[in-house]
Every structure is written in C-alpha cells, then in structure tokens.
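Working notes for the structure below.
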Amino acid sequence: MVGIHHAYGTTKVLNNISLTVPAGELVCLLGPSGCGKTTLLRIAAGLEQLQAGSVTIDETVIAEGAAQLPPEERRIGFMFQDYALFPHLSVLDNVIFGLFRQDRRTARARAMEMLDQVGMVQHAEKYPHMLSGGQQQRVALARALAPEPRLVLLDEPFSDLDTNMRARIRQQTLTVLKQNNVATLMVTHDPKEAMFMADRIKVLGDQGRILQSGRPADIYYKPTDEYVARLFGPMNMIDGVVEQGGLKSSFGTLALEDPTVVEGAAVRVLIRPEGIILSKGDDDGGAPVEILSAHLLGDSSIVRFKVRSGINSGSEFHLRMPGAFDLTEIGQIWARVDPRHAFQYPQNQ
Ligand SMILES: Nc1ncnc2c1ncn2[C@@H]1O[C@H](COP(=O)(O)OP(=O)(O)OP(=O)(O)O)[C@@H](O)[C@H]1O
Ligand SMILES: [Mg+2]
C-alpha cells in the first residue's frame with residue numbers, strides 16, 4: 001500500500017500510510033482506538049472505496065484511482081473480531097463457502113485439510129453456536145486460509161477470548177499462518193500481542209500517521225518518540241538539562257545517545273519500570289532509596305520508592321522486578337538504572 005489517505009466527510013483518518021507485507025511475514029498495525037486501523041484493512045480488502053494512493057498485491061495493482069478490483073477478485077482472506085461465521089452453516093460448510101470456484105469434492109477435501117490444521121476436524125458437522133469463542137476463531141482462520149489467499153487481514157482477532165485461551169489461540173494462529181507461508185496484516189491495540197505475533201510492527205498515532213516501523217525489538221528498545229516509548233505502560237520520567245553530554249541524576253549521569261543534543265538543551269529521560277534494579281549495596285553506583293510499597297502481580301512485582309538523596313531526592317519512581325519483593329527486608333537499598341531501558345527525548349516534544 002502506498003500513500004494511502006482517507007477521510008470520512010471532512011474528518012481525516014489516514015495520513016499518507018505506506019506499507020509492504022512480504023510473503024510469509026506478519027505485519028502488525030498497532031495503535032489506539034479510532035486511529036484508522038480497521039479503515040486501512042477495509043481499503044486493502046476493497047470494502048472501503050480507495051480515496052488516494054494505491055494497493056498492490058504480488059506486483060499487480062488492485063486499486064489505484066478509479067480502477068478498483070472488487071473484493072471477491074482480490075484473493076484476500078479476512079478474519080474480524082467477531083469471526084462472523086454463518087450461523088446456519090455447519091463448520092465444514094463455513095470453510096467450504098469461500099471455495100465456490102472448486103467442485104464440491106475438491107472443496108470438501110481442502111476444507112477438511114484446513115480444519116485439520118487448526119485442530120477442528122472433529123467439530124466439522126457442528127454449528128457455530130455449539131462452539132466456544134476459541135473454536136469459532138479457529139474455524140474463521142481455516143475459512144480465511146482455505147482459498148489460499150495472497151494476503152490475510154486479521155482485525156483484533158483475539159480480543160473476545162479470555163487470557164489463557166488467547167495465549168493458546170495466538171500461538172496456534174501464528175503456527176498455521178507460518179505453515180501456509182502467507183502474508184498477513186494484523187491490527188491490534190495490544191502492544192504485547194503485537195510483539196508476540198509480528199515480524200514487523202507499524203505504530204499508528206491518533207493522527208492516522210505511522211510514527212515508527214520496525215522489528216519488535218526496535219519498537220521496545222529504540223522507541224523513536226515519547227508516544228512509542230509509553231505504549232508499553234507507565235514510565236519513570238526525569239526532566240533536566242544536558243551537562244557534559246549527559247543528564248545528571250541520583251542514578252548517576254544518564255548518558256545521551258543522540259550526538260546532536262547540545263549542551264544546555266532541555267531533555268526528558270524515560271525509564272522503563274523493568275529498567276530499574278534494586279541492590280543491597282551501592283557498588284554499582286545506585287541511589288539510596290526508601291521503599292514505599294510493593295505489589296505482587298504474580299510473575300513480577302511493582303515496587304514504588306523514593307530517592308533519599310542527590311538531585312532527584314524526594315522524587316517517586318516505580319520499578320518492575322521478577323518474583324516477590326519482601327517488604328520486611330531490612331537495611332538500606334539502592335536502585336540503579338539499566339541504560340538499555342532509558343530513552344531520551346527533547347522536552348515539550
Ligand atoms: N463509515 C464511517 N463513517 C464515518 N466515520 C467513520 C466510519 N468508519 C469509521 N469512522 C471513524 O473513523 C475513525 C477511524 O475508525 P476505525 O474503525 O478505522 O478505527 P480503529 O483504529 O479500527 O479503532 P478501534 O481500535 O476502536 O477498532 C474513527 O474516528 C471512526 O469513528
Ligand atoms: Mg477497528
């Protein structure tokens with residue numbers, strides 16, 4: 001997709017979106033509610049009239065200007081949030097539905113092969129209302145992939161499932177998509193889901209613009225702006241002025257990677273909660289802290305603390321650490337910052 005703009009009436013929704021989904025890869029659009037994710041998928045599918053730009057699949061232009069191929073000729077498979085299985089058709093007939101170009105026997109064999117891939121063969125004769133949400137999702141995936149589409153579009157495909165089911169179905173969906181070596185464009189507003197599923201992530205801002213594109217590790221470790229850094233949850237923030245190439249803090253001088261930042265510039269450093277590490281000694285150059293509270297979340301704990309002395313004394317921070325934190329632990333505790341989890345931006349960005 002190149003140079004896609006879209007407006008509903010006078011409201012601009014998408015602003016110059018270009019993206020490519022290589023065969024066998026999964027590209028994830030990650031963005032807040034209302035930023036235009038579904039609109040972009042509908043344009044790709046041909047369900048929404050293209051207003052500007054072009055859509056190409058395998059080097060064939062399928063939409064540009066007035067020339068727009070109808071949805072059924074685009075060889076694109078869909079799966080939306082509500083799965084939208086046909087309630088009056090059996091599981092098998094739901095999957096056969098998209099295979100109308102094949103004779104009934106070939107179509108049936110192909111549908112059974114796909115149901116086998118998603119582990120639903122034994123439910124082939126059932127009707128959608130007899131299935132759990134996760135099972136319906138698997139049938140919808142089989143239906144989307146059965147006609148061997150050139151591109152699959154997934155719109156928040158796991159949002160109706162509970163936590164455990166979601167984790168299982170995500171893994172299974174990914175396995176089936178990779179087995180079929182299909183290009184997939186998926187939409188989600190859950191950054192962890194995007195990290196798990198995607199080969200590449202495109203972060204969309206609320207202006208309908210792509211803010212950052214990259215592999216999951218780039219988005220997490222090299223967020224190019226404050227908005228992207230904050231996608232993963234609350235951050236610790238230190239504002240200050242650059243002195244001798246860094247920002248002085250109670251945690252020591254936080255070195256600034258960006259060589260263009262000049263002495264005296266006002267900068268903001270954001271530190272991920274998992275980037276602050278506690279210790280019982282100050283050997284690593286940490287700040288002495290007073291623990292305010294600790295909450296066990298299960299696999300990790302959130303610990304709030306105050307810095308006791310130095311530049312940020314009195315300021316409150318929070319960190320995430322594996323396992324439980326024992327509040328009865330006595331003695332002075334120090335905190336230090338892992339520079340891989342600290343990011344610097346100009347202030348008032
Ligand atoms: N048919 C329409 N007519 C007018 N406005 C629309 C139409 N469809 C969507 N919009 C508006 O366009 C914007 C983008 O909608 P879209 O459904 O693409 O967002 P989204 O990113 O998918 O959001 P969500 O995460 O909530 O699903 C929203 O402000 C929405 O209200
Ligand atoms: Mg949507």
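Atoms within a ligand are numbered from 1 in the order they appear, just like the ligands themselves.
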Subject >> R215 NZ/CZ over Y221 ring centroid, <6.0 Å and within 45° of normal >> reply: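 Cation-pi check for R215 and Y221: fails.
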Step through it carefully: locate the ring centre of [X], locate the ring centre of [Y], and say whether they are under 6.0 Å apart.
{"X": "Y127", "Y": "F86", "result": "no"}
{"X": "F325", "Y": "H295", "result": "no"}
{"X": "Y8", "Y": "H6", "result": "yes"}

Original post:
Is any protein N, O or S atom closer than 2.8 Å to the Mg ion (ligand 2), and if so, which?
Top reply: T38 OG1
Original post:
Looking only at atom types and distance, does a side-chain atom of K126 sit under 3.5 Å from a main-chain N or O of V91, one as donor and one as acceptor?
Top reply: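 Side chain of K126 to backbone of V91: no pair is present.
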Closest non-hydrogen protein atom to [atom], residue and atom name please, with distance?
{"atom": "atom 1 (N) of ligand 1", "value": "Y8 CE2, 3.7 Å"}
{"atom": "atom 26 (O) of ligand 1", "value": "S33 OG, 2.5 Å"}
{"atom": "atom 14 (C) of ligand 1", "value": "G34 O, 3.4 Å"}
{"atom": "atom 15 (O) of ligand 1", "value": "T39 OG1, 3.8 Å"}

Any salt bridge between [X] and [Y], counting N to O under 4.0 Å?
{"X": "R268", "Y": "D225", "value": "no"}
{"X": "D103", "Y": "R108", "value": "no"}
{"X": "D190", "Y": "K192", "value": "no"}

Original post:
Is ligand 1 under 4.0 Å from a heavy atom in the side chain of T38, in the backbone, in both, or in neither?
Top reply: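 The answer is both, backbone and side chain.
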Original post:
Hey, is G36 one of the residues with a heavy atom under 4.0 angstrom from ligand 1?
Top reply: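 It does, in that a heavy atom of G36 comes within the 4.0 Å cut-off of ligand 1.
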Original post:
Any chance the side chains of Q172 and R138 put a donor and an acceptor closer than 3.5 Å?
Top reply: yes
Original post:
Any luck finding a side-chain donor-acceptor pair between H189 and E156 under 3.5 Å?
Top reply: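 Indeed, the side chains of H189 and E156 share at least one donor-acceptor pair under 3.5 Å.
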Original post:
Given R42, H189, E48, K37, which one has a non-hydrogen atom that is nearest to atom 20 (P) of ligand 1?
Top reply: K37
**OP:** Please check atom 9 (C) of ligand 1 for a protein heavy-atom neighbour under 4.0 Å.
**Re:**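 For atom 9 (C) of ligand 1 the answer is yes, since some protein heavy atom falls inside 4.0 Å.
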